[in-house]
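These notes are about the structure you will find just below.
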Amino acid sequence: MISCLYNEGTDFTVIRSWSTTTLWTTISAISICVFLKLAHMIMRKLEKMSESISRKTSKLQMELLRALIVQTVIPIFVSFFPCVISFTIPIFNMDLGRPINYVEVIALGAFAFADPVAIVMCIPAFRQRVLCKKNTIDGNQHNSSSQHYTSYT
């Protein structure tokens with residue numbers, strides 16, 4: 001746990017507090033930027049590979065990338081930004097009071113629910129399975145929960 005004192009305490013404590021907050025915010029922001037750059041590079045690579053791989057494989061890779069992006073964005077908004085706010089608001093001598101605690105606790109509790117639901121909704125195979133939707137295979141209606149077997153002789 002990092003405890004930040006921005007204008008109270010000894011000079012050494014205040015300098016350490018500012019340094020620590022600046023350092024962890026910078027490291028976190030850099031990791032988010034690296035993720036965005038890697039996602040951009042993956043998307044470009046998939047676009048280049050789309051000519052050499054099947055359309056179905058390309059589509060699946062894009063769906064998985066979309067799921068990864070969603071799975072990364074949720075913690076940024078649920079965990080990272082509330083922490084940045086709670087550590088930087090005291091710099092401006094503002095007191096958000098008890099409501100900010102409630103918002104953060106609710107957001108962190110919602111994360112455990114929102115993350116798997118977002119993944120299920122991003123990937124069509126999971127979405128069809130959970131919502132029990134029917135899909136069409138070879139023009140025939142099949143329930144997504146039933147198995148489709150083909151025998152080869």
Side-chain angles (χ1 to χ4, degrees), residues 1-4 6 17-92 94-152:
M1 176 67 190
I2 300 171
S3 181
C4 299
Y6 297 107
S17 177
W18 277 89
S19 301
T20 305
T21 303
T22 303
L23 182 66
W24 76 260
T25 303
T26 303
I27 290 170
S28 299
I30 288 171
S31 67
I32 291 170
C33 291
V34 167
F35 168 76
L36 293 173
K37 178 63 179 170
L38 290 174
H40 182 260
M41 290 170 57
I42 290 170
M43 288 176 68
R44 283 193 325 183
K45 181 77 169 178
L46 286 173
E47 287 174 4
K48 289 179 184 177
M49 288 178 53
S50 65
E51 297 171 3
S52 62
I53 60 175
S54 72
R55 187 177 180 115
K56 189 174 182 178
T57 302
S58 177
K59 183 179 175 185
L60 176 65
Q61 291 296 326
M62 288 303 286
E63 290 168 356
L64 292 174
L65 178 63
R66 188 178 311 121
L68 179 63
I69 290 170
V70 167
Q71 207 169 17
T72 303
V73 167
I74 290 173
I76 289 170
F77 286 104
V78 172
S79 298
F80 178 68
F81 285 143
C83 287
V84 168
I85 290 169
S86 69
F87 279 123
T88 55
I89 286 296
I91 292 172
F92 305 107
M94 294 175 62
D95 183 18
L96 297 178
R98 196 169 285 291
I100 192 68
N101 293 340
Y102 296 138
V103 169
E104 289 178 4
V105 168
I106 290 169
L108 291 174
F111 172 72
F113 171 77
D115 192 48
V117 169
I119 296 306
V120 166
M121 296 317 265
C122 281
I123 300 176
F126 292 161
R127 185 174 54 237
Q128 289 173 352
R129 178 67 69 172
V130 169
L131 299 176
C132 299
K133 289 194 174 187
K134 294 183 178 189
N135 55 358
T136 305
I137 301 174
D138 299 331
N140 300 322
Q141 291 289 329
H142 295 282
N143 192 331
S144 61
S145 62
S146 65
Q147 298 294 324
H148 181 70
Y149 296 102
T150 306
S151 60
Y152 297 99

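Values below: every heavy atom of this structure, side chains too, minus hydrogens, waters and symmetry copies.
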Note to self: Tell me the closest heavy-atom pair linking Phe111 and Ile74, and the distance in Å.
What the structure shows: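 Of all heavy-atom pairs spanning Phe111 and Ile74, the closest is CD1-CG2, 3.6 Å.
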Check: Do you know the tightest heavy-atom contact between Cys122 and Val70?
Finding: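 Cys122 and Val70 have their closest heavy atoms at SG-CG2, 3.5 Å.
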Drop me the distance from [X]'s [atom1] to [Y]'s [atom2], to the nearest 0.5 angstrom.
X      : Y      : atom1 : atom2 : value
Gln71  : Asp115 : CD    : CG    : 4.5 Å
Cys132 : Arg127 : SG    : CZ    : 14.0 Å
Gln61  : Ile53  : CD    : CD1   : 6.5 Å
Arg66  : Met62  : CZ    : CE    : 6.5 Å
Leu68  : Ile119 : CG    : CD1   : 8.0 Å
Met41  : Arg44  : CE    : CZ    : 7.0 Å

Which side-chain N or O atoms in residues 26-40 pair as donor and acceptor under 3.5 Å with protein atoms at least two apart or in another chain?
| residue | atom | partner | partner atom | Å |
| --- | --- | --- | --- | --- |
| Thr26 | OG1 | Thr22 | O | 2.6 |
| Ser28 | OG | Trp24 | O | 2.9 |
| Ser31 | OG | Ser28 | O | 2.7 |

Next item on the list: Scan for ring-ring contact (aromatic ring centres under 6.0 Å, His included) pairs involving residues 50-80, sequence neighbours excluded, and state none if there are none.
Entry: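 Output for this query lists Phe77-Phe81.
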Checklist line | Validation row: Pro124, Glu63 side chains within 4.5 angstrom (heavy atoms) | finding: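 Pro124 vs Glu63: side chains touch.
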Next item on the list: Would you confirm whether Thr21, through its side chain, and Trp18, through its main-chain N or O, come within 3.5 Å as a donor-acceptor pair?
Entry: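 Not confirmed, Thr21 side chain does not pair with Trp18 backbone.
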Next item on the list: Given side chain to side chain contact (heavy atoms under 4.5 Å, CB included), test Leu131 with Met121 step by step and report yes or no.
Entry: CA-CA 10 Å; Leu131 299 176; Met121 296 317 265; 4.2 Å; yes
